[in-house]
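We count residues from 1, following the sequence as given. One-based numbering, in listed order, for ligands and for the atoms of each. This is a predicted model, so every value here is computed, not measured.
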Amino acid sequence: MKKKVAVIGAGASGLMAASIASRSCDVTIFEKQKKIGRKLLATGNGRCNISNVNISPDRYHGGNKDFVAKVFERFGLLQTEDFFRDLGVPFIEEEEGKLFPASLQSSTIIKFFEYELIKNSVDIKLHRRIDKIIPLRSGFKVITAGMEEFVFDSVIIACGSCAYPQLGAAKNVYDLVASLGHSIVEPFPSITPINIKLKSLHKLQGIKWDCRLRVLYDNRAIAESYGEVLFTAYGISGPASLKISRWVNEISLKGEHSFIEFDFFPELSVEELQSLLAVVTADPQKSIGFSLLGILKERMPDTLLACGGFDPLNKNFEVTKDLQKIAQLLKGFIAPVGKCRGFDEAVVAAGGVAVDEVNPLTMESRIIKNLYLTGEILDIDGDSGGFNLQFAWSTGAIAGMSQ
Ligand SMILES: Cc1cc2nc3c(=O)[nH]c(=O)nc-3n(C[C@H](O)[C@H](O)[C@H](O)COP(=O)(O)OP(=O)(O)OC[C@H]3O[C@@H](n4cnc5c(N)ncnc54)[C@H](O)[C@@H]3O)c2cc1C
């Protein structure tokens with residue numbers, strides 16, 4: 001008789017685990033929502049940023065990088081590309097090494113997984129939330145919210161995290177695992193917009209500008225990013241801010257304070273920017289604020305100058321001294337970070353199941369035999385750009401291969 005395997009959660013890692021396990025086992029996949037892969041469908045704005053050519057443990061945070069390294073040694077990008085090519089989904093590469101399915105549609109991935117599951121006779125049970133997993137002397141009893149009971153030889157928990165509840169995520173996934181004896185590192189939102197406490201900066205709402213951002217904490221820079229920043233009514237969003245959000249969120253949830261330093265001209269040195277300022281402010285009839293419209297977008301000169309203590313209407317500035325200070329301001333504009341934004345805006349949750357309790361070569365729990373954990377429920381979070389889905393594919397595949 002074939003081994004009976006339950007997969008809890010039909011998201012990225014659960015679909016991967018079920019596809020592979022069903023090559024040799026009798027698999028049932030439970031999904032609490034009406035459809036499989038709801039979050040997966042929303043990934044990459046519906047295009048599914050499926051992985052990244054720059055996959056490396058350095059792009060992951062939380063638990064421990066050795067764990068991530070071992071996972072990728074067992075099932076890395078190459079194996080993932082092979083898997084999807086066999087499924088009928090070649091990848092294409094875009095900027096920053098981001099990989100997408102050639103169709104540029106996440107719906108393709110879901111349809112092809114569904115095809116694979118049906119082909120391998122997987123029992124797909126939708127609208128079934130698993131509320132309890134009870135270890136038996138041999139195997140597990142799995143109980144749904146509707147009190148249906150099933151018995152399996154092994155269980156793969158692929159329930160995801162509590163990030164983005166609009167797509168069905170919920171905090172109770174951690175209770176399910178904690179009830180089995182696993183420790184949970186308190187989850188917190190990652191890859192989110194950032195609140196900025198400096199209200200006058202909110203006047204830049206709607207403006208997009210390429211910046212270098214540095215997170216300042218405890219008198220040192222602990223993270224940095226480069227890219228587009230979107231100024232909002234509360235602070236900042238856009239790729240560069242999403243990239244550093246993990247660090248500012250972790251600090252603010254500890255009740256401590258960090259600052260963001262904006263470099264509005266990352267391609268220029270202070271001296272080069274000072275020379276450029278001298279060129280655009282050459283006309284003595286123009287105020288400094290009006291002159292700076294030559295190199296900044298509307299509202300930026302007045303807002304940034306005022307925040308730095310300069311009068312934007314001033315026409316009598318000192319070319320050497322004032323322009324040097326303005327260049328320094330535009331290359332090192334410091335603003336305090338406000339409260340962490342919520343899980344409803346978080347692409348992923350940092351924190352989760354402690355990874356020293358899971359074997360990275362099999363994804364089996366070190367606490368309960370034949371119990372496996374995959375994907376975002378683990379205390380590993382990746383950078384934005386395809387890193388989180390890659391971790392879900394790899395851990396799901398390893399759990400599937402280990403059945
Ligand atoms: C808007 C958005 C865009 C994103 N875009 C990208 C991207 O382009 N690239 C990238 O790398 N990452 C992206 N991510 C992150 C990525 O989607 C996740 O890291 C990944 O889906 C995690 O996979 P998972 O299998 O762990 O969990 P999920 O994919 O979240 O799947 C978990 C599944 O389990 C189900 N479930 C939960 N509890 C139960 C239960 N008790 N019983 C039954 N079922 C249950 C859930 O309904 C869900 O379907 C994005 C996230 C969001 C929110």
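A 6.0 Å sphere centred on CG of Asp218 holds more than 12 heavy atoms belonging to other residues, nucleotides or ligands. The 12-atom threshold is not exceeded at NZ of Lys70, counting heavy atoms of other residues, nucleotides or ligands nearer than 6.0 Å. Atom OH of Tyr115 has 12 or fewer heavy atoms from other residues, nucleotides or ligands within 6.0 Å.
Ring orientation note: the planes of Trp247 and His61 are nearly perpendicular, at an angle over 60° on the 30°/60° scale.
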Enumerate, one pair per line, all nitrogen or oxygen atoms of ligand 1 lying under 3.5 Å from a protein nitrogen or oxygen, stating the separation to 0.1 Å; write 'none' if no such pair exists.
| residue | atom | partner | partner atom | Å |
| --- | --- | --- | --- | --- |
| ligand 1 | 5 (N) | Gly44 | N | 3.2 |
| ligand 1 | 8 (O) | Gly44 | N | 2.8 |
| ligand 1 | 8 (O) | Asn49 | N | 3.3 |
| ligand 1 | 9 (N) | Asn49 | O | 3.0 |
| ligand 1 | 11 (O) | Gly386 | O | 3.4 |
| ligand 1 | 11 (O) | Asn388 | N | 3.4 |
| ligand 1 | 11 (O) | Leu389 | N | 2.7 |
| ligand 1 | 19 (O) | Glu376 | OE1 | 2.5 |
| ligand 1 | 25 (O) | Ala12 | N | 3.4 |
| ligand 1 | 25 (O) | Ser13 | N | 2.8 |
| ligand 1 | 25 (O) | Ser13 | OG | 2.8 |
| ligand 1 | 26 (O) | Glu376 | N | 2.8 |
| ligand 1 | 29 (O) | Ala12 | N | 3.2 |
| ligand 1 | 41 (N) | Ile130 | O | 3.0 |
| ligand 1 | 42 (N) | Ile130 | N | 3.0 |
| ligand 1 | 44 (N) | Lys32 | N | 3.2 |
| ligand 1 | 47 (O) | Glu31 | OE2 | 2.6 |
| ligand 1 | 47 (O) | Gln33 | NE2 | 2.8 |
| ligand 1 | 49 (O) | Glu31 | OE1 | 2.6 |
| ligand 1 | 49 (O) | Glu31 | OE2 | 3.3 |

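The salt bridge (charged side-chain N to carboxylate O under 4.0 Å, His left out) test with Glu149 is passed by exactly one of Lys132, Arg128, Lys141: Lys141.
A donor-acceptor pair under 3.5 Å is formed between the side chain of Asn52 and the backbone N or O of Glu96.
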